[in-house]
Amino acid sequence: MRPRIESLASELSAYFESFAVTLNNTNSSTYTFTEAFPVAPKVTLTSVDVFDNSQMNVNVYIENVTATSVTLTTSANVSGSIHCHALHVV
């Protein structure tokens with residue numbers, strides 16, 4: 001039987017930022033974090049068809065991520081929004 005860890009969550013520090021990037025007939029954008037991450041965070045991306053133009057059926061991926069910014073790219077030029085979450089747990 002594994003030992004129970006009751007205080008793990010209280011010993012962790014987390015840095016988190018949620019943001020959206022709007023693309024207008026382009027396939028790439030760089031976002032500068034407002035949170036001061038100590039290292040490059042883990043980032044998730046989700047495409048959202050905010051303009052109801054059926055353009056957001058594309059692949060969205062991270063081109064580059066550092067402690068200060070993330071560059072995201074889509075597989076085609078689009079007009080829409082990319083919802084993003086950046087997280088680092090210490």
Side-chain angles (χ1 to χ4, degrees):
M1 181 172 211
R2 292 174 50 181
R4 186 174 182 177
I5 301 173
E6 296 180 7
S7 62
L8 179 63
S10 65
E11 296 174 6
L12 299 177
S13 296
Y15 300 84
F16 178 80
E17 186 168 342
S18 177
F19 55 96
V21 175
T22 300
L23 300 176
N24 189 10
N25 197 30
T26 188
N27 74 330
S28 182
S29 181
T30 298
Y31 175 83
T32 301
F33 299 123
T34 57
E35 179 70 43
F37 290 101
V39 297
K42 304 295 185 202
V43 180
T44 63
L45 308 173
T46 304
S47 62
V48 179
D49 190 5
V50 294
F51 299 123
D52 199 27
N53 58 13
S54 300
Q55 288 189 8
M56 296 308 290
N57 188 20
V58 293
N59 294 318
V60 182
Y61 57 94
I62 296 168
E63 185 78 26
N64 187 42
V65 63
T66 67
T68 58
S69 68
V70 60
T71 301
L72 57 95
T73 305
T74 59
S75 56
N77 285 358
V78 295
S79 293
S81 183
I82 309 296
H83 289 195
C84 312
H85 298 100
L87 174 68
H88 175 70
V89 178
V90 180

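Under the side chain to side chain contact (heavy atoms under 4.5 Å, CB included) criterion, Thr34 pairs with Glu17, Tyr31, sequence neighbours left out. Residues forming a ring pair (Phe, Tyr, Trp, His ring centres under 6.0 Å) with Tyr15 (at least two apart in sequence, or on another chain): none. Ser28 is linked by a side-chain hydrogen bond (donor to acceptor under 3.5 Å, both in side chains) to nothing, counting only residues two or more places apart in sequence or in another chain. Under the side-chain hydrogen bond (donor to acceptor under 3.5 Å, both in side chains) criterion, Thr30 pairs with Thr71, sequence neighbours left out.
Surrounding CG of Asn57 are at most 12 heavy atoms belonging to other residues, nucleotides or ligands under 6.0 Å away.
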Contacts table for residues 58-68: side-chain donor-acceptor under 3.5 angstrom, sequence neighbours left out:
| unit_1 | atom_1 | unit_2 | atom_2 | d |
| --- | --- | --- | --- | --- |
| Glu63 | OE1 | Thr73 | OG1 | 3.4 |
| Thr66 | OG1 | Thr68 | N | 3.2 |
| Thr66 | OG1 | Thr68 | OG1 | 3.2 |
| Thr66 | OG1 | Ser69 | N | 3.1 |
| Thr66 | OG1 | Ser69 | O | 3.4 |

Sequence neighbours left out, cut at 3.5 Å: what donor-acceptor pairs do the side chains of residues 78-90 make with other protein atoms?
| unit_1 | atom_1 | unit_2 | atom_2 | d |
| --- | --- | --- | --- | --- |
| Ser79 | OG | Asn24 | OD1 | 3.4 |
| Ser79 | OG | Asn25 | N | 2.9 |

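Heavy atoms only, all atoms of each residue included: Phe37 and Phe16 are closest at CE2-N, 4.2 Å.
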